[in-house]
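Note sheet for the following structure.
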Amino acid sequence: IVNPDGSMAVPPFTVYNAQDITGDGQIDIRYYDPGMAVYNGTQILLAASRYSDLELNFRIVYKILDGTSGEVIVNEDYSRPWFGSAPDAVQLLNSQGLLAWSNQNMDVSYVLLDANGNLEQGPVDLSTSMPDDRPQASVSVANDRHGNGILTWLDGYDNRLYYALVGSDG
């Protein structure tokens, strides 16, 4: 983490160490496509795609970390059936977190988290609101000055741009 002048505010810290990644050494687990957002001003929401050779799938996981020490405030929940890749996140003006990803059906899904990082709503699958049956690609997340979340993504053929506004009510 750096200051506006480019100087280091917080030295680098390790989010995943070898034990986190390999577990008991029998199961190969890898993390891909990290997405980050500032959370509650001093915290970091870190989301990633977690691949397990045992499960043979990509699962969306997230942690909330203290932005100065790297201490885990909210740890990953591996039991959630959020399958997919390329997550992105943003905190909305009402302190909710918006986490979105491309799911295993090549559609876009999202969840809303409360200010403490707990699941508040979702997952919601946006495939039902698409005007065509094109596969969806990686999603990017931002917010507007009114507190809405903005999701944007291309179709799987890279020639149509989609967007969705997500309010605090989901």
Side-chain angles (χ1 to χ4, degrees), residues 1 9-10 12-17 19-24 27 29-52 54-55 57-129 136 138-153 163-170:
I1 299 174
V10 178
F13 50 81
T14 301
V15 176
Y16 296 106
N17 62 36
Q19 184 62 32
D20 292 334
I21 294 172
T22 60
D24 63 5
I27 301 170
I29 296 172
R30 295 176 295 279
Y31 292 84
Y32 297 93
D33 305 319
M36 291 178 51
V38 173
Y39 212 69
N40 297 326
T42 60
Q43 300 169 347
I44 299 168
L45 170 60
L46 175 64
S49 304
R50 179 182 185 266
Y51 183 82
S52 165
L54 181 64
E55 297 175 352
N57 60 35
F58 287 91
R59 189 179 295 261
I60 302 300
V61 294
Y62 70 93
K63 289 183 176 189
I64 296 181
L65 310 167
D66 181 277
T68 57
S69 67
E71 176 185 345
V72 175
I73 297 168
V74 175
N75 211 348
E76 296 176 46
D77 182 348
Y78 305 120
S79 66
R80 292 190 175 115
W82 301 349
F83 300 106
S85 61
D88 197 14
V90 69
Q91 187 167 29
L92 304 178
L93 294 179
N94 65 358
S95 298
Q96 288 176 307
L98 174 61
L99 174 61
W101 64 92
S102 298
N103 68 31
Q104 77 276 14
N105 297 323
M106 295 295 292
D107 297 319
V108 172
S109 296
Y110 71 88
V111 294
L112 288 174
L113 307 173
D114 67 17
N116 296 317
N118 301 307
L119 179 64
E120 189 168 275
Q121 183 179 5
V124 175
D125 181 2
L126 293 179
S127 66
T128 57
S129 60
Q136 310 305 308
S138 298
V139 62
S140 294
V141 181
N143 62 353
D144 66 16
R145 63 186 172 133
H146 304 289
N148 298 306
I150 304 169
L151 283 63
T152 58
W153 65 97
Y163 74 92
L165 291 177
V166 179
S168 61
D169 61 354

Q) Of all heavy-atom pairs between L45 and A89, which one has the smallest distance, and what is that distance? A) CD2-CB, 3.5 Å
Q. Any donor-acceptor pair under 3.5 Å linking the side chain of Q121 with the backbone of L113?
A. no
Q. Is a side-chain donor or acceptor of D114 paired with a backbone partner of N116 at a separation under 3.5 angstrom?
A. yes
Q.
I'd like to check the ring-ring contact (aromatic ring centres under 6.0 Å, His included) partners of Y39; sequence neighbours left out, ordered by chain and number.
A. none
Q. Looking at W101 and P87, what are the two nearest heavy atoms and their distance?
A. CB-CA, 3.9 Å
Q.
Just to verify, what does V74 make a side-chain contact (heavy atoms from CB on, under 4.5 Å) with, not counting sequence neighbours?
A. Y62, I64
Q: Could you grab the distance from atom CG of L92 to atom CG of N143, nearest 0.5 Å is fine?
A: 6.0 Å
(Q) In this structure, is the centre-to-centre distance between the rings of F58 and F83 below 6.0 Å? (A) no
Q) So, for A164 and L126, which heavy atoms are closest and what is the spacing to 0.1 Å? A) CB-CD1, 4.1 Å
**Q.** Minimum heavy-atom distance between V111 and P123, given as atom pair plus value
**A.** CG1-CA, 3.5 Å
Q: Determine which pairs satisfy salt bridge (charged side-chain N to carboxylate O under 4.0 Å, His left out) with at least one residue from residues 31-42, sequence neighbours left out, and list them in order.
A: none
Q: Could you pull out the closest heavy-atom pair between Y51 and N57, with the gap in Å?
A: CD1-O, 3.2 Å
Q. Salt bridge (charged side-chain N to carboxylate O under 4.0 Å, His left out): which pairs involve residues 80-94, sequence neighbours left out?
A. D77-R80
(Q) Per the salt bridge (charged side-chain N to carboxylate O under 4.0 Å, His left out) rule, what does the pair list look like for residues 91-105, sequence neighbours excluded? (A) none
Q. What is the distance from atom CG of L93 to atom CG of D144, rounded to the nearest 0.5 Å?
A. 7.5 Å
Q | Donor-acceptor contact below 3.5 Å, side chain T152 vs main chain Y163 | A | no
Q. Using a distance-only test with no angle check, is there a side-chain donor-acceptor pair under 3.5 angstrom linking N40 and Q91?
A. yes
(Q) What's the separation between atom CD in E55 and atom CZ in R50, rounded to the nearest 0.5 Å? (A) 6.5 Å
**Q.** Sequence-distant partners of E120, salt bridge (charged side-chain N to carboxylate O under 4.0 Å, His left out), two or more places apart
**A.** none
(Q) Return the OG to OH distance between S85 and Y32, rounded to the nearest 0.5 Å. (A) 11.5 Å
